[in-house]
Participant: 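Got a structure for you, questions after.
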Amino acid sequence: MDDFLNALQEILPAFGASMDDLERCRLNGIVEFGGRHAHIFKRTMLLAEQVKVSRGSPLVTCLLEGPSGSGKTAMASSVGISSDFPYVKIVSAESMIGLSESTKCAQIVKVFEDAYKSPLSIVILDDIQRLLEYVAIGPRFSNLISQTSMVLLKRLPPKVFSSLVLIIDS
Ligand SMILES: Nc1ncnc2c1ncn2[C@@H]1O[C@H](COP(=O)(O)OP(=O)(O)OP(=O)(O)O)[C@@H](O)[C@H]1O
């Protein structure tokens with residue numbers, strides 16, 4: 001019986017909110033630093049509320065832009081945690097190191113497909129420049145990932161399901 005209970009704790013669910021990942025993005029909690037910070041958080045939470053209550057907004061996308069280290073990822077994770085949505089996933093380049101373009105695309109598509117199996121979902125695309133493999137010299141980026149992202153960001157979830165996509169850019 002003990003082995004069975006231990007096994008249950010070892011297995012992580014593929015669906016649901018990945019709370020550990022989200023908590024890792026704001027390790028020491030959130031420190032309020034000014035009205036502007038509070039305003040952006042409030043507006044983003046309002047979008048989550050809009051997705052929750054409005055049947056006319058099945059897909060809401062929001063771009064969080066700002067300097068590196070300013071707390072965009074921490075804020076997006078806080079929204080994910082506070083929203084209490086059943087599915088919250090963060091897509092970040094750090095989980096895709098060394099993967100080929102097509103594998104990265106497949107992973108991103110999978111996150112959205114899983115999101116659309118949940119009545120309410122939040123997908124956080126962290127550091128979109130890294131995900132797109134953008135480099136200023138060139139300029140270059142992955143056209144495959146870019147096209148996939150653009151299609152996914154326009155594809156509506158199934159009927160009565162709603163999703164909020166937070167895109168983080170620096
Ligand atoms: N308001 C805040 N209160 C407490 N810690 C914070 C706050 N904002 C950011 N941090 C911390 O600062 C660090 C950098 O924040 P974060 O990764 O969210 O920034 P970012 O804007 O997403 O940066 P990048 O664009 O480089 O990914 C993290 O360790 C985060 O926990």
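Start at 1 and go down the list; that is how both ligands and their atoms are numbered.
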Participant: Do we get Lys159 above Phe161's six-membered ring, with its NZ or CZ under 6.0 Å from the centre and within 45° of the axis?
Facilitator: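 No, Lys159 does not sit over the ring of Phe161.
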
Participant: Assess, by modelled atom type and distance only, whether the side chains of Ser121 and Ser163 contain a donor and an acceptor separated by less than 3.5 Å.
Facilitator: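 A donor-acceptor contact under 3.5 Å links the two side chains.
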
Participant: Should Lys42 and Glu49 count as an ion pair when the cut-off is N to O under 4.0 Å?
Facilitator: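 Result for this pair is no, no salt bridge flagged.
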
Participant: Could you verify whether a donor N or O on one side chain and an acceptor N or O on the other, from Ser149 and Ser146, lie under 3.5 Å apart?
Facilitator: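 Side chains of Ser149 and Ser146: no pair found under 3.5 Å.
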
Participant: May I ask whether Ile81 and Ile168 are part of the same hydrophobic cluster, defined by side-chain heavy atoms of I, L, V, M, F, W, Y residues being less than 4.5 angstrom apart, directly or through others?
Facilitator: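 Yes: a chain of side-chain contacts under 4.5 Å links Ile81 to Ile168.
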
Participant: Return the set of residues passing side-chain hydrogen bond (donor to acceptor under 3.5 Å, both in side chains) with Glu65 (not counting sequence neighbours), or none when no residue passes.
Facilitator: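 Once residues adjacent in sequence are excluded, Glu65 has no partner under the side-chain hydrogen bond (donor to acceptor under 3.5 Å, both in side chains) criterion.
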
Participant: For ligand 1, what are the residues with a heavy-atom contact below 4.0 Å?
Facilitator: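 These residues qualify: Cys25, Arg26, Gly29, Ile30, Val31, Phe33, His37, Pro67, Ser68, Gly69, Ser70, Gly71, Lys72, Thr73, Ala74, Ser170.
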
